[in-house]
Amino acid sequence: MAKAIGIDLGTTNSVMAVLEGGHLVVIANAEGMRTTPSVVAFQEKERLVGQLAKRQGTLNPERTLYSLKRFIGRSCREVAAEIELVPYSVVSAANHAVRFEIDDELYSPEELSAMVLRKLADDASSYLGETVHDVVISVPACFNDSQRRGTMDAAQIAGLNVLRIINEPTAAALAYGLNRKKSETILIFDLGGGTLDVSVLDISDELLEVRATAGDTHLGGDNFDKEVADWLAAEFEKRHAINLSNNKQALQRLREAAERAKVELSTVLETQISLPFICADAAGPKHLDVKLGRAQFNELTAQLLERCRAPLEAALAEAKITAAEVDEVLLVGGSTRIPAVQELVQKTIGKRQIKRGVNPDEAVALGAACQAGILTGELKEPMLLDITPFPLELEAESGLISKVFEQNTAIPTRRTQLYSTAEDSQSALSFQLLQGQPELAKDDRLLGQLKLAGITPTLRKSPQMIEITFELDANGILNLSAKDKSTGKEQTISLSRSINFAKTELAQIIENADHLSGGRQK
Ligand code: AMP
């Protein structure tokens, strides 16, 4: 069987790995690096992906696209906070779909993520000496159906075959647990560039079972950068009475300096931020030279840290265990290097040692490669039992909401429910399908409109009974089917998704995507 690789398609960086001779190894990219920035840049004649794209970002902020994962499978209404974080143009297309406008052309997050995936697969193919087609891709555990489908679509556009979508904390646990003989309950705290996931799992040699997962899909290292960058802009304005908010190049430099300072403050107590020639006025060029201490960084980001607490507590509560019952705690994702984040986790779990044996940047890709090895038969165990992070609900036209799946239900799973027509001669049924954190507004949980048409009308008092089967597959993706109970006939059921591509649309994009690995063509 052909080699299948694992891909951690990250908000900031992506990593790929493979199982080779029974060992999990990270695959270096064409530039020789173990991580690849998830960045795409458009230049006049060329399109750049990865390090080269990232490097020219300051000079080309409006055509350098990063943090794509914050937008994938989401509507414009959901990403108001993320739009604030980026210097490029995000526009709302039909059905509030997110599009990036670059030189008068519109691109979807899926198409741009496909460009990152294509580079990764090309580089892996060179490394392995064979064309990589089959992949396991990781996503945050708290990705909903649309975000998972969006990731699948990106892979399809890149010409890849997705063997499985795996949850990031689950993948990290898999990498950590491989070849360990003990049975343990572990807690994974995964804070990356754009998302926070907390999962509680039971792991043994044969079985990895996720007990609970909670998270925040709007929280990651980018938010910490933004706080520092805003502070830098305020400092600059204080000193020079110049507001930088319309100077995209300057803002991009502040953002990059903020990230560097943040990373340095993970190891030192104070850092110097020096930015020469940020802008100029009649009196000449203006520079910024400031010191930032760790204590002040902690103050600037205190409310972000506070947001980490709730998912941590929710995951433990959902798993119905106390912190004392957790055997191991694993930190995953680059942002868990922030000392205050580590302290927060440490405080919650008490005296227990935090494991530092896994590399927080690589654990997820290694786990995805492990799952690829299991699916291709190279590895036998462990068997993986994951869960769905959100409840799935159905709202009838009457406004009545019924729950199809509870939060933290083991997947794959299926459930069949009966629905009946309510009026004479009713030939169609329609529902709204909702998935998301229950505290979110209904609009933010809406997956789409579910329609059953062509029901044979009957007289009242003998309503037509329609059986709908909801299936959450091992990828956490929803599949639907329906049957007319009286005739036993399959009934057409359609979910008009507000965000994801329709099949025909996707086919068209795939057809046009033959330029993915080349230069910029149209
Ligand atoms: P990941 O998605 O796991 O690659 O995490 C990327 C995020 O981790 C980015 O926001 C990085 O700025 C952040 N990061 C990486 N290294 C460090 C560090 N040493 N201290 C703080 N944040 C870091």
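Counting starts at 1 for both ligands and their atoms, following the listed order.
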Ile338 N/O under 3.5 Å from ligand 1 N/O: no
Do any nitrogen or oxygen atoms of Glu259 come within less than 3.5 Å of a nitrogen or oxygen of ligand 1? yes
Which heavy atom in Leu174 sits nearest to a heavy atom in Pro382, and how many Å separate them? CD1-CG, 3.6 Å
Candidate with minimal heavy-atom separation from atom 13 (C) of ligand 1, of Lys262, Arg337, Glu362: Lys262
With heavy atoms of Ser266 as the reference, note each atom of ligand 1 found under 4.0 Å away. 18 (C), 19 (N), 20 (N), 21 (C)
For Gly333, counting its heavy atoms only, list the atoms of ligand 1 lying under 4.0 Å from any of them. 3 (O)
Ignoring hydrogens, what is the shortest heavy-atom contact between Ile72 and Gln147? Give both atom names and the distance. O-CG, 3.4 Å
Please state which protein non-hydrogen atom is closest to atom 1 (P) of ligand 1 and give its distance, to 0.1 Å? Gly334 N, 3.8 Å
The atoms of ligand 1 lying under 4.0 Å from a heavy atom of Gly221, numbered in the order shown, are 10 (O)
So is Gly10 touching ligand 1 or not, going by heavy atoms under 4.0 Å? no
Taking only Lys NZ, Arg NE, NH1 and NH2, and the carboxylate oxygens of Asp or Glu, determine whether Glu306 and Arg309 approach each other closer than 4.0 Å. yes
So, is Ser335 polar-close to ligand 1, with some N/O to N/O distance under 3.5 Å? yes
Electrostatic pair Asp123:Lys119 at N-O distance under 4.0 angstrom: yes
Using a strict 4.0 Å threshold on nitrogen-to-oxygen distance, state whether Glu378 and Lys3 make a salt bridge. yes
Top protein contact for atom 6 (C) of ligand 1, by heavy-atom distance: Thr12 OG1, 3.4 Å
Are any of the side-chain nitrogens in Arg337 or Asp361 under 4.0 Å away from the carboxylate oxygens of its partner? yes
Set of residues satisfying side-chain contact (heavy atoms from CB on, under 4.5 Å) with respect to Glu82, sequence neighbours excluded: Arg70, Phe71, Arg74, Val79, His218
Contacts of type side-chain hydrogen bond (donor to acceptor under 3.5 Å, both in side chains), residue Thr36, not counting sequence neighbours: Asn29
Judged on heavy-atom distance to atom 2 (O) of ligand 1, which of Gly193, Ser67, Ser38, Pro339 sits nearest? Gly193
